[in-house]
Amino acid sequence: MNRTRLFILALMGVCLASCATDTVDEPQSASPEVVASKKFVNTPNSANAGELIIYVDEDTALQLENAACATRSGVTALDAALAEIGATELKPVFNMKVNADLKRELDMHRWYTVAFDEEADLQSAATTLAAANVVERVQFSTKIVAPKAEAVEINPDELATTRADDVPFDDTLLPRQWHYHNDGTVDYPLAKAGADINLFAAWELTTGRPDVIVAIVDEGVCYTHKDLQANMHVNEAEKNGVEGVDDDGNGYTDDVYGYNFVDSGRVTWTRNGDSGHGTHVAGTVAAVNNNGFGVAGVAGGSGNGDGVRIFSCQIISGGNAAGVSATAAAVEYAADRGACVLQNSWGFEAGGIANDKMFETGSTGVEWTAFQYFMKKKNHPNLDGGIIIFAAGNDGKAVAGYPAAYNKLIAVSAIAPDGCPTYYTCYDRGCNVSAPGGEYFRRNGTSVESGCVASTIPGDKYAFMQGTSMACPHVSGIAALAISYAADNGIVLTLPELKDIIVSSVSGLKFAGSKSNYETNVTINLSTYNNKMGTGLIDAYRVLMAVRGTTCIPLPLGEQAILDINYYIGDGNLQIKMLESEISDEVKEKLGITDCRFMGSKLLITCTKPGTALVKLKYVAGGNTVGGGQITGGMEAEQEFAFVVRPGIKVDESTCAPIVPGGWL
């Protein structure tokens, strides 16, 4: 990787004749310990040895960038501190070769990583650096927690299974992906129809676009996998360039399909300790659809080269996880490479960060600086920033881990095929929305994996995994679909709008009773999770309808519903009279509509088939009669709605309003 490197080889005097004149620093009045206590961004808990991150003042940053000598900074106080700790390297955290103006606006040019002997005392080294008055902050390079996920490989014989007639694509494992469309037949206790992301209906509207790019921040993605290769985002300059040369001048050598920020080189996935986690996550986002084999991806296209594109920002290699410095650089790289969705199934050790203020620390942390940059970077014309999505965590705690818990990021909790929380999911505080994460269960003492999430793993293989790590890419894929659909329809979304759409386009989750914990067989009280799984279970179709600006009307399956349309227009308190509206024969056939009548503002309807359909309903705006001729009356108006017929939906008979889904009770 070709980046600025400033090696500290001696205390002073080396290159004295050739270096610029030292600046004169004011002496510190307080003790080093007092200075350190005010400048430390975090604690040394779970931090990388032999590495610290510093944030220098503006003048020092300028001098570092323009240093005439590569062996010292040219700033007396800083050079003295570096020499005292035996520093071997000083390099910028962020790559100022690309998008320098925006990065300077966020003060990204002021962050540097200091390397020194791993045997040195970390706290003492940090105190020494903090004593230099040109150093404004010191951050320990906290290690991220490498996600743990057991992969249960799917028998290759199953890959040849003939496609089911009721799935939209010919991917042979698509019928096993209950998390996209759950008809209640999955091999899992009390599996509930409708406990899914309602993806098949969304695919009728869009399956993705190649100009929407998702960065997979995780283990390395196996870019040679036959079910991923066509949807990999390729750096053509590096692919067609000279090996070992930074052909496109972006500061990263040979970054064809992404970059390995642990080992500083090509993306890898075959080292001892690799689990296939990143490849599994990538497959859920964008495995190639309708290619006759394997799994389908949420935004994997229709088989015509139209899926979203992904690339790998590798922060875990061989079981070793990067610290915050390399992770921040990976987030920056994702933005510079063109990603508008950042998929993150990782986090810091639970409890290390107690609240948003500690995470943000007055916007001083290097990782938060990187997230700000990603959110501000406009990489798609139909979204005015970048959206960041995180797994909530698998600690089973009533709080999401950080960074997921931070209020400007979306944290995803996990449900099982029964529509209930998984035994491992984090929930409640900091959790924003839920998605299928899957869950193993035991039958006759044997683990059964069919209730987990099916996706790709290295070696052209497929496996089941469970975790909020598996729930998170469902939401990232849906975000990519939302941006694709906005682009298809000429809609420009703001970042707050897209986040609002994602967390509000859900089915409500309410629970009663109990279920067994797979790991310990301890009974879980489900009422503990009521109103604590974020806003609810994400629904891909409703997300796209929200992008479109169309209101969804949930309808029960197989029973008559009486719905008050007032509930869906304006603030829900309008007094309108419905007019007879033509519902096409196509819609009636699709939803199995056997009865459809209007009484005042109410709609009486019976649907016998699950599905979705767009309809336009007419009403009188102002009075009970449409004006015209010799009649003074109201105006005829119409509004587009989407009928959504799914198992589990109920209607409150007293209010004629939907209860969604209600079927989990």
Side-chain angles (χ1 to χ4, degrees), residues 147-150 178-180 182 184 186-198 284 345 347 350 389-401 404-405 410-442 447-453 464-475 478 502-503 505-539 647-648 659-665:
K148 297 177 181 179
E150 177 187 358
W178 62 268
H179 31 104
Y180 295 170
N182 187 351
V186 60
D187 185 14
Y188 184 90
L190 302 177
K192 289 290 198 317
D196 55 50
I197 63 170
N198 198 17
T284 298
S345 288
I389 301 168
F390 266 88
N394 301 328
D395 303 306
K397 294 183 177 180
V399 61
I410 293 178
V412 185
S413 297
I415 67 153
D418 57 2
C420 295
T422 61
Y423 72 86
Y424 55 78
T425 189
C426 287
Y427 62 101
D428 201 6
R429 292 175 295 137
C431 299
N432 305 116
V433 73
S434 294
E439 190 172 70
Y440 295 104
F441 70 97
R442 294 186 187 277
S447 176
V448 179
E449 70 282 344
S450 55
C452 296
V453 172
F464 290 107
M465 288 188 182
Q466 68 173 21
T468 57
S469 285
M470 284 59 253
C472 184
H474 286 83
V475 179
I478 291 171
I502 286 175
V503 300
S505 301
V506 299
S507 297
L509 292 172
K510 292 186 178 181
F511 315 105
S514 61
K515 66 180 286 187
S516 178
N517 179 326
Y518 156 73
E519 286 289 307
T520 64
N521 290 324
V522 173
T523 299
I524 299 172
N525 182 358
L526 291 175
S527 63
T528 302
Y529 297 86
N530 273 331
N531 302 313
K532 295 178 181 178
M533 294 290 287
T535 52
L537 174 61
I538 193 166
D539 185 308
I659 306 171
V660 186
W664 310 151
L665 289 175

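Remember, it's a predicted structure, so these values are computed and weren't measured experimentally.
How far CD1 of I538 is from OG of S434: 9.5 Å, rounded to the nearest 0.5 Å. For the atom pair SG of C426 and CG of D395, the computed distance is 4.5 Å after rounding to the nearest 0.5 Å. Taking NZ from K515 and OH from Y423, the interatomic distance works out to 10.0 Å, rounded to the nearest 0.5 Å. Atom CD of Q466 is separated from atom OG1 of T422 by 7.5 Å, given to the nearest 0.5 angstrom. One finds the OG atom of S450 at 9.5 Å from the OH atom of Y188 (value rounded to the nearest 0.5 Å). Taken from SG in C420 to NZ in K192, the straight-line distance is 6.0 Å, to the nearest 0.5 Å.
Taking 4.5 Å as the limit, some side-chain heavy atom of W178 sits within range of a side-chain heavy atom of P436. Contact of the S345 side chain with the P147 side chain is not registered, since no non-hydrogen atoms from C-beta on lie closer than 4.5 Å. M470 places none of its side-chain heavy atoms less than 4.5 Å from the side chain of C452. In this structure the side chain of C472 never reaches within 4.5 angstrom of the side chain of I410, judged on heavy atoms.
Contact record, E150 with Y440: O-OH, 2.8 Å, taken as the closest heavy-atom pair. Closest heavy-atom contact between P417 and V186: CB-CG1, 3.7 Å. For A416 against A195, the heavy-atom pair with the smallest separation is O-CB, 4.4 Å. Considering all non-hydrogen atoms of both residues, V475 and A435 come closest at CG2-CB, 4.0 Å. Of all heavy-atom pairs between P647 and G194, the closest is CG-N, 4.5 Å. Across C431 and A392, no two heavy atoms sit closer than the pair SG-CB, 3.9 Å.
At most 12 non-hydrogen atoms from other residues, nucleotides or ligands lie less than 6.0 angstrom from CZ of R429.
For T425 (side chain) and S413 (main-chain N/O), no donor-acceptor pair under 3.5 Å exists by modelled atom type.
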side-chain contact (heavy atoms from CB on, under 4.5 Å) between I197 and Y180, intermediate numbers included: CA-CA 5 Å; I197 63 170; Y180 295 170; 4.1 Å; yes
CA sep, side-chain torsions, deciding dist, call: H474, V453, side-chain contact (heavy atoms from CB on, under 4.5 Å): CA-CA 10 Å; H474 286 83; V453 172; 4.1 Å; yes
side-chain contact (heavy atoms from CB on, under 4.5 Å) assessment of K510 paired with N530: CA-CA 5 Å; K510 292 186 178 181; N530 273 331; 3.9 Å; yes
side-chain contact (heavy atoms from CB on, under 4.5 Å) evaluation trace for N432 with F390: CA-CA 10 Å; N432 305 116; F390 266 88; over 6 Å; no
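Using a 30° and 60° split on the angle between ring planes, Y427 and Y529 fall in the tilted class, from 30° to 60°.
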